[in-house]
Amino acid sequence: TYTANNILSGYTKCRELGIALELFDEIPNRDSVTWNSMIAGYINYGNVDSAWDILKSMIRGGFMVDGYTFGSILKGVACEGSVGLGMQVHSLIVKTGYEENVYSASALLDMYAKCDRVEEAYMVFQVMLERNSVSWNALIGGYAKLGDLHTSFILLRLMESEGVRFDDGTFAPLLTLLDDPEFYKTTTAVHSKIKKLGLEFNTTVCNALISSYSECGCIEDARKVFENAIKSRDLVSWNSMLAAYLGHNKETLAFKLFIEMQDLGFDPD
RNA sequence: GGUUUAAUCUUAU
């Protein structure tokens with residue numbers, strides 16, 4: 001079964017869901033990993049309904065669901081924004097006693113946040129026994145998406161006081177929110193915090209900083225971040241800087257950048 | 001190389 005599971009996940013990662021399903025049907029001794037792999041496969045393929053069907057037969061067959069199961073299915077529910085299904089999963093979590101599992105609870109609160117139910121997300125967050133950076137990030141991201149800077153920053157301070165480490169998932173959504181010249185000072189403050197934590201060369205954080213500075217009207221600061229990130233640029237970095245130049249009507253610079261990125265082996269998308 | 005399955009995040013569309 002171990003080997004079969006390994007092959008199964010190979011197929012789902014290649015997005016070969018048809019072959020994966022055939023294999024799945026032929027595995028005689030399926031375990032939780034087999035089922036979870038199939039569910040995750042469908043979710044990553046964007047087929048929530050099939051994933052939900054698999055989950056239902058998994059339960060019908062008496063197999064143990066776990067944090068993997070809920071993490072996967074809720075991710076799909078969150079992307080679709082179908083709260084109804086999310087609530088069904090929620091009650092399943094309660095029924096199976098996975099409310100305090102950090103993966104299922106974080107996925108659950110994220111699902112509520114993405115479905116514009118931040119209140120419920122916060123309630124889930126409150127009853128969690130164990131919280132990691134993903135739990136905090138998901139909640140902060142929820143408020144950030146609403147444009148609630150105030151609450152986001154309060155939570156950020158709380159997160160820090162509880163000793164949970166900030167990471168790229170913490171800063172990126174916050175920076176996205178800082179998209180107007182009135183937030184320029186805030187952006188620089190967040191930037192210095194990022195430097196203090198040694199996240200200044202994190203690719204995702206840099207990319208978000210480039211966009212923020214640009215939207216705050218300071219193309220020069222955006223460019224500085226881009227220059228400093230020379231070792232940690234990815235395609236998004238180039239796209240962000242391009243968008244920044246174009247947003248500031250600097251077509252010539254944008255074009256030079258466009259040439260430069262191709263010289264360095266980045267294929268524009 | 002620490003690899004059988006899981007949750008949050010950045011650009012563009």
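This one's a predicted model, so the numbers in the text were calculated from it and none came from an experiment. Numbers restart at 1 for each chain; the letters A, B, ... are given by sequence-line order, proteins then strands.
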Sub-6.0 Å ring centroid separation between A:F166 and A:F171: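 Ring-ring flag for A:F166/A:F171: true, centres closer than 6.0 Å.
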Near-ring test A:Y112/A:H90, centroid separation under 6.0 angstrom: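 Close enough - the centres of the two rings lie under 6.0 Å apart.
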Parallel, tilted or perpendicular, as decided by the 30° and 60° cut-offs, for the rings of A:Y68 and A:Y103: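 Because their plane-to-plane angle is under 30°, the rings of A:Y103 and A:Y68 count as parallel.
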Whole angstrom value for the distance that separates C1' of B:U5 from OH of A:Y11: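 Roughly 18 Å, once rounded to whole Å.
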Atom-to-atom span, CG of A:N6 to P of B:U4 - whole angstrom: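 Rounded to whole Å, this separation is 6 Å.
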Six-ring centre of A:F125, A:R131 cation under 6.0 angstrom, axis tolerance 45°: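 Judged by the rule, A:R131 and A:F125 form a cation-pi pair.
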Donor/acceptor link under 3.5 angstrom from A:N5 side chain onto base of B:U4: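 Answer yes: a donor N or O sits under 3.5 Å from an acceptor.
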Residues in ring-ring contact (aromatic ring centres under 6.0 Å, His included) contact with A:F226, at least two apart in sequence or another chain: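 Partners of A:F226 by the ring-ring contact (aromatic ring centres under 6.0 Å, His included) criterion, ordered by chain and then number, come out as A:W238.
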Non-hydrogen side-chain atoms of A:K75 and A:K114 separated by less than 4.5 Å: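 Side chain of A:K75 against side chain of A:K114, heavy atoms only: no contact under 4.5 Å found.
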Contact state string [nucleotides 7-13 of chain B, B base, S sugar-phosphate only, - no protein heavy atom under 4.0 Å]: BBBBB--
Separation of the C1' atoms in B:U8 and B:U4, to the nearest angstrom: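 About 24 Å, rounded to a whole number of Å.
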Integer angstrom distance from the C1' of B:U10 to that of B:A6: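 Rounded to whole Å, the distance is 22 Å.
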